[in-house]
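Taking it in order: structure first as structure tokens, then the write-up.
As a basis for the values below, the full set of heavy atoms in this structure was taken, side chains included, without hydrogen atoms, waters or symmetry mates. Order of the sequence lines sets the chain letters (A, B, ...), proteins ahead of strands, with each chain counted from 1.
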There are 2 protein chains.
Amino acid sequence: MAEARNEPVRADARQNRARIIEVAQKAFTASGDVSLNSIAKMAGVGPGTLYRHFPTREALILAVYRHEVERLAAYAPELLEDHPPLEALRLWCDRLAYYGRIKHGLADVLHALTDDGLAGETYGPIIGAVTLLLRACEDAGDIRPGVDPDDVLLMLGFLWRISPGEEGEARAARLLDLVVDGLRAGAPNL
Amino acid sequence: MAEARNEPVRADARQNRARIIEVAQKAFTASGDVSLNSIAKMAGVGPGTLYRHFPTREALILAVYRHEVERLAAYAPELLEDHPPLEALRLWCDRLAYYGRIKHGLADVLHALTDDGLAGETYGPIIGAVTLLLRACEDAGDIRPGVDPDDVLLMLGFLWRISPGEEGEARAARLLDLVVDGLRAGAPNL
DNA sequence: TTGCGTACCGGAGAGCTCTCCGGTACGTTC
DNA sequence: GAACGTACCGGAGAGCTCTCCGGTACGCAA
């Protein structure tokens, strides 16, 4: 169970690694078939550097994916500091939706990787984030008690199936309103 | 159900296609990561020709695989013409074993393709071949009646797990003797 | 601060994938 | 058998992947 993430020792190496991931994220979401060469150039490093950090294309994609998940999970506590719980929940869902639509573009590549322990690595942090938000909402009395994080994610499953674009944005927002409204404390049913 | 195999119209094109498959088969079984360039060169055609017939590496591998299966299935009736049924069965099993060990080398690549309707395309012809051989043996009274082709293939499953090489050959032959002996008419048990 | 060991950088380059297109020769028609 | 349309060939080449290695500068110790 030793979490063997290969974080470099030297500061410049860590910076390079982070910059590559950042650039790769934008590049990959724009189009799936970007050359690793061009990503290296955009990140201001040589091909050799990129390939030392990420030996294969898959490795880079995986790193981007992991990074996204981590940021998404870390976003929940940040939101709770600056917003009332229910609003934080709603904002977080917006971002989850955005993330879902983005990931949709990478789905082809990602699909080949899901054999690994990727699913667990993904849903763990995400469920943690949802749990945190729900508990805050419950404590504030904003939503009905006893809402299960898993249920929320289940309901939010549709976000993954909305394709990116102008229209998708609007549609996701509309459906999210419905879901969040349904969770509210004053909601009629049940 | 329209079998849309893209057989070329012109004779030279068909020859080229066949030669490429033949060369690719040898090349792939020798090592999985042969360059398509070198295969084209070995087949005496330009890269352009190879890529027109097989747009991607996967397509070529798939074609090789299909070709092998077809030849294996066609081998059964050939054997029955030249040999007594039980001997034919045994010879066919030898070849199945050989094929199984070869395919073992391609397993990595093949694994990614098994999502398609490949399984059906494989086992259909193979089961047909086994059925043919078993019926001939039954008619000749060489084996006990009521042997199911599926059962035979099931028993022969171990062939796929024997790795290629000198030692593997001998081992496969020994185990095959056991199985075929078990099928015989005069066998004691049951 | 200076000096040292080494982790790390990044460009040159070999080799591959895949495309484009002028030329060739196959099959057909008369 | 001769002439024609086109299916097909195959090499040149652009661009990519991945490696190797001399050089750089980071972290550390004194």
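Residue B:His53 places no side-chain N or O under 4.0 Å from the OP1 or OP2 atom of D:dC8. Here B:Asn16 reaches the OP1 or OP2 of D:dC9: one of its side-chain N or O atoms lies under 4.0 Å away.
Spacing between atom CG of B:Asp33 and atom C1' of D:dC18 amounts to 13 Å, rounded to whole angstrom units. For B:Tyr51 and C:dT19, the OH to C1' distance is 10 Å, given to the nearest whole Å. The interatomic distance linking B:Lys41 (NZ) with D:dA12 (P) rounds to 11 Å, in whole Å. Nucleotide C:dG11 holds its C1' atom 14 Å from the CG atom of A:Leu50, rounded to whole Å. In this entry the distance linking CZ of B:Arg52 with P of D:dC8 reads 8 Å, nearest Å. Whole-Å rounding puts the A:Leu36 CG to D:dC16 C1' distance at 9 Å. If you take CD1 of A:Ile39 and P of D:dC18, they are 12 Å apart, rounded to a whole angstrom. If you measure from atom CG of B:Asp12 to atom C1' of D:dT6, you get 12 Å, rounded to the nearest angstrom.
Within the nucleic acid shown, B:Ala40 has no heavy atom closer than 4.0 Å to any nucleic acid atom. When heavy atoms are screened at a 4.0 angstrom cut-off, A:Pro55 is found touching no nucleic acid atom at all. If you check every strand for non-hydrogen atoms under 4.0 Å, A:Ser35 touches sugar and phosphate atoms only. Heavy atoms of B:Asn37 sit under 4.0 angstrom from at least one base atom.
Using a 4.5 Å heavy-atom cutoff, the side chains of B:Phe54 and B:Leu36 are not in contact.
Two residues, A:Ala13 and B:Ala11, neighbour DNA chain C, and the one matched to the more 5' nucleotide by heavy-atom proximity is A:Ala13. With the nearest nucleotide of DNA chain D identified for both B:Gly48 and B:Val9, B:Val9 has the one nearer the 5' end. Residue-to-nucleotide proximity on DNA chain C shows that, of A:Arg10 and B:Val34, the 5′-proximal contact is made by A:Arg10.
Enclosure of atom CZ in A:Arg135 is not indicated, since only 12 or fewer non-hydrogen atoms of other residues, nucleotides or ligands lie within 6.0 angstrom.
Ion pairing of A:Asp181 with A:Arg184 is present here, as a side-chain N (NZ or NE/NH1/NH2) and a carboxylate O approach within less than 4.0 Å. With respect to B:Arg90 and B:Asp94, a salt bridge is recorded, a charged nitrogen being found less than 4.0 Å from a carboxylate O.
Judged purely by atom type and a 3.5 angstrom limit, B:Arg144 uses its side chain to pair as donor or acceptor with the backbone of B:Gly182.
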